[in-house]
Each structure stands twice: as C-alpha cells, then as structure tokens.
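Take a look at the structure set out below.
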2 protein chains.
Amino acid sequence: MSESKANPRDNILDAAQRVAGKEGAGNLTLDKVACECGMSKGGLLYNFPNKDALLAGMLDRLLEQHRSMMDSEEKSLAGEPNACLKAMLGANACHEVADPGVYLSLLAASAHKPELMAPVKETLAEYYQRLQNESSDPDMATILWLAAEGLIFHAILGLAPYSQSEKNRLFQKLMQISEEAL
Amino acid sequence: MSESKANPRDNILDAAQRVAGKEGAGNLTLDKVACECGMSKGGLLYNFPNKDALLAGMLDRLLEQHRSMMDSEEKSLAGEPNACLKAMLGANACHEVADPGVYLSLLAASAHKPELMAPVKETLAEYYQRLQNESSDPDMATILWLAAEGLIFHAILGLAPYSQSEKNRLFQKLMQISEEAL
DNA sequence: ATGTCTTTACCGTCTGGCTGGTACAGTAGA
DNA sequence: TCTACTGTACCAGCCAGACGGTAAAGACAT
C-alpha cells in the first residue's frame, strides 16, 4: 500500500537533509527535523537519542551509500587500470546527481561538532591510500580526485559558478582523463 | 611601539576566526568572540552592529585578501600564458599557508546564513569566467583550479588525509602542470 | 585656563525567544 | 499484557541584541 513508508530512521535522515538544505547547515534543529518528517520531537528522540546521534547517523548513511556505490562501480570496471580512481570519480558523480544534498550532512556535522567528522576522515584516508597504491600515476590520480571533491564542495556551499550540465561535463572530462592521461 | 594594536575591526575578525577554529564553525557566538579578543559584547557590537555584519566582514576581508594576492601574483607573471590560472593557484596556495583558518569564515557564514555567501559566489563566478576566457585549455584549467579548491575545502573541514608537506607538493604539482600540459 | 558640551569608543546587564533534552501519559498492534 | 512507539508539557541554559551607562578626548566659547 505504502511505498514511501520506509523505515522511520531513513525518513528522519531524509527530513534532516531537507532541513539542512532549506535553513542552512548550522540551523538544523530537532524541532524542525521532527516537523519536517511529520513526527513529534518525542518520536524523533526515540529513534535518535540526541542530536549528535542524528548527525552521526547522517554521516554514517552518507559513507555507507558512497561505499556501496564505489563497490558496484568498481565491480563493473573489474581489472581495468586505475579502476580505483575511476570508481571514486564515478561514485562522487552518481551520488551527487542521485541526491544533491546528501553531502550537506558534512557541513551540518562539521558546524555542530567537528569531532563527529572522524569517521569521514578515516574513510577519506583509506580512499587516498588506495589511490596512491593502485594508480599508475598517483599524483595525477590525486589531482583528479581532488577536482571531483572540489565540485562536490562547491555544490554543497552553493558556490558553483557553472551550470548543472557543465558540472556533468566536467565529471565526464575527469573520467576521460583518467583513461587517457595515465 | 605597539605593532599588535591593529585596528579593532581586524582584532575582532582575527578573534572570530580563532573561535571558529576552536569551537567549530557553527558555534561562533558573539560572547565567545568578544571574550577571545578581550572586549565586551557591547564593544563588539559597536564595531559590528550584529552577527550578520560580523560574518559578512569576515568574508569581505577574505575576498579582499585573496584578490590582492591574485593581483600581485599576476603582476609577477605578466604576459606568461595562462597567467590567470597560475595566479589563482598561487593565491590559493599562499593564502592557505599564510593563515590556515582564513577560509573558516566560509563555513561559519554558510552555516549561519547561506545568503551571506552571495559575494563569494559572485567572486567565484568572475574568476571562473576569466579562467574560461584566458586559458589555452579551459577544461583542464578548470580541473586544476577545482583541485586547488578541493585542497582548501579538505583543509577547512579537517579532512585532509595527506600531510602539510604533501599538500604543498600537490600545489607545486598543480602549478607545474599548468605550465606543461596546456 | 576654565567650564560646558559633544562625540567616540566602549562596558556590563537584562530579556525574551529558541534549543536540546527529559518526563511521562498515552496508544496501537502482537 | 508487553513492546514499540507517539505526542505533550516542560525546563534549564544559551544566545542575539537592546539599552543605559561612562570615561576620555576634543570643540568651542569665555
């Protein structure tokens, strides 16, 4: 009957993302999130015992989604040279297109309590290490990855001076270079 | 006699930057800033009539510093091909090294009230336009610029998985590519 | 030089609204 | 009846900003 009735945790996480987008990442409050997902504050706090847990949950889901995208991306690239880099670029691109705003949790968490970012930092360190070990030209691979990160950060801060389609073209270009130039 | 007695506005802006670094960009409060620069809240509000003005002041100074760095960088590169790109990369690198933390104002402003970022967006748009018009390979130039931006954003979010010296090497590498590859 | 008047730059307190978090009484389904 | 969850009422702390001082430094007239 109801397809939109995902589990309550995901409903809440989605709502939090929307609030962060509408009000600014630093103005995410429990009341607003509860209201946005049509739930009472009590209900919200039943699912996430406090604000830190909510933010951590957002980051956790982001990381998990990103990782699974990378894995599937990598599987379809099996064996190709620089598969790791290509999968990372692909995951960044897909993830951003599928749900612009997922990355807002980074801003929200970092604004509220930078310590919450530790798992993100670990994940990034792991990716970076793989990039160094599995790329034919590690420096160039790092640069291409950083450019993709730059695209993401411009997007979440609302600073991008290029259109959506130009952004997509730039992602394409990054992938293309990762085939040709190294 | 006293060199550290800059004008009060700059003292306050510096203090605000320090607070943003210590407490997290979203926890910048007027009380903390006043305390950090050894001034009362009343005194602070005399210099900046409200919080928005303080944040806007931080962004304004950031933009101004960045622009002046780009200008001087560009002057010393006069006539070289892709001078614009090189100046942008140089300014990003210098600025970040001179005062890691300048860019925290971006996070603070964006967390508090995204609208404050409008001037930043305009400036970025202008830079991007110049990059398109004055580069021999606009796409590649954009990618190198985005990589530099990625480095900055990793730094302000405390996510960089590479050391300071690796970061410097990456900046070097970016400049090198901007000479060679286009 | 003396007294008054203004301006500048700042101080410290107060307040009302918002926020995170708690307590608890309820309710629907198994 | 037990479990899983909802929703209301409430509180204590924090925050932005308003406001009423005040001390020091001129300005101006006498």
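In the text below, chain A, chain B and the rest are named by the order of the sequence lines, each starting its count at 1.
- Atom CG of A:D31 is separated from atom C1' of D:dT8 by 12 Å (rounded to the nearest Å).
- Counting to the nearest Å, the P atom of D:dA18 and the NZ atom of B:K51 are 14 Å from each other.
- In this structure, the CG atom of B:L45 is 8 Å from the C1' atom of D:dA16, given to the nearest Å.
- Per the geometry, CG belonging to A:N7 stands 16 Å off P belonging to D:dA4, to the nearest Å.
- Boundaries of the chain B contact region on DNA chain C are C:dT8 to C:dG12, first to last in 5' to 3' order (nucleotide atom under 4.0 Å from a heavy atom).
- In this structure, B:H95 and B:H66 have tilted ring planes: the angle between them lies in the 30° to 60° band.
- A:L28 comes within contact range of the sugar-phosphate backbone alone, with a heavy-atom separation under 4.0 Å but no base atom that close.
- In this structure, A:H112 atom NE2 and D:dC15 atom P are separated by 12 Å, rounded to whole Å.
- Counting non-hydrogen atoms of neighbouring residues, nucleotides and ligands closer than 6.0 angstrom, the NZ atom of B:K32 exceeds 12 such neighbours.
- In terms of polar N and O atoms assigned as donor or acceptor, the side chain of B:K41 comes within less than 3.5 Å of the base of D:dG17 in a complementary pairing.
- In this structure, A:R9 atom CZ and D:dA4 atom P are separated by 16 Å, rounded to whole Å.
- If you take CD on B:Q176 and CD on B:E179, they are separated by 8.5 Å, rounding to the nearest 0.5 Å.
- Between the NZ atom of B:K32 and the C1' atom of D:dC15 there is a distance of 10 Å, rounded to whole Å.
- In this model, the phosphate group of D:dC5 is approached by a side-chain N or O of A:Y46 to a distance below 4.0 Å at OP1 or OP2.
- The CG atom of B:N50 lies 9.0 Å from the CG atom of B:L54; values are rounded to the nearest 0.5 Å.
- Atoms CE and CG, on B:M140 and B:N82 in that order, are 11.0 Å from each other to the nearest 0.5 Å.
- By the 30° and 60° cut-offs, the orientation of the rings of B:Y162 relative to A:Y128 is perpendicular.
- Here A:N47 does not reach the OP1 or OP2 of D:dA4: none of its side-chain N or O atoms lies under 4.0 Å away.
- To the nearest 0.5 Å, atoms CG (A:D99) and CG (A:L104) are separated by 9.0 Å.
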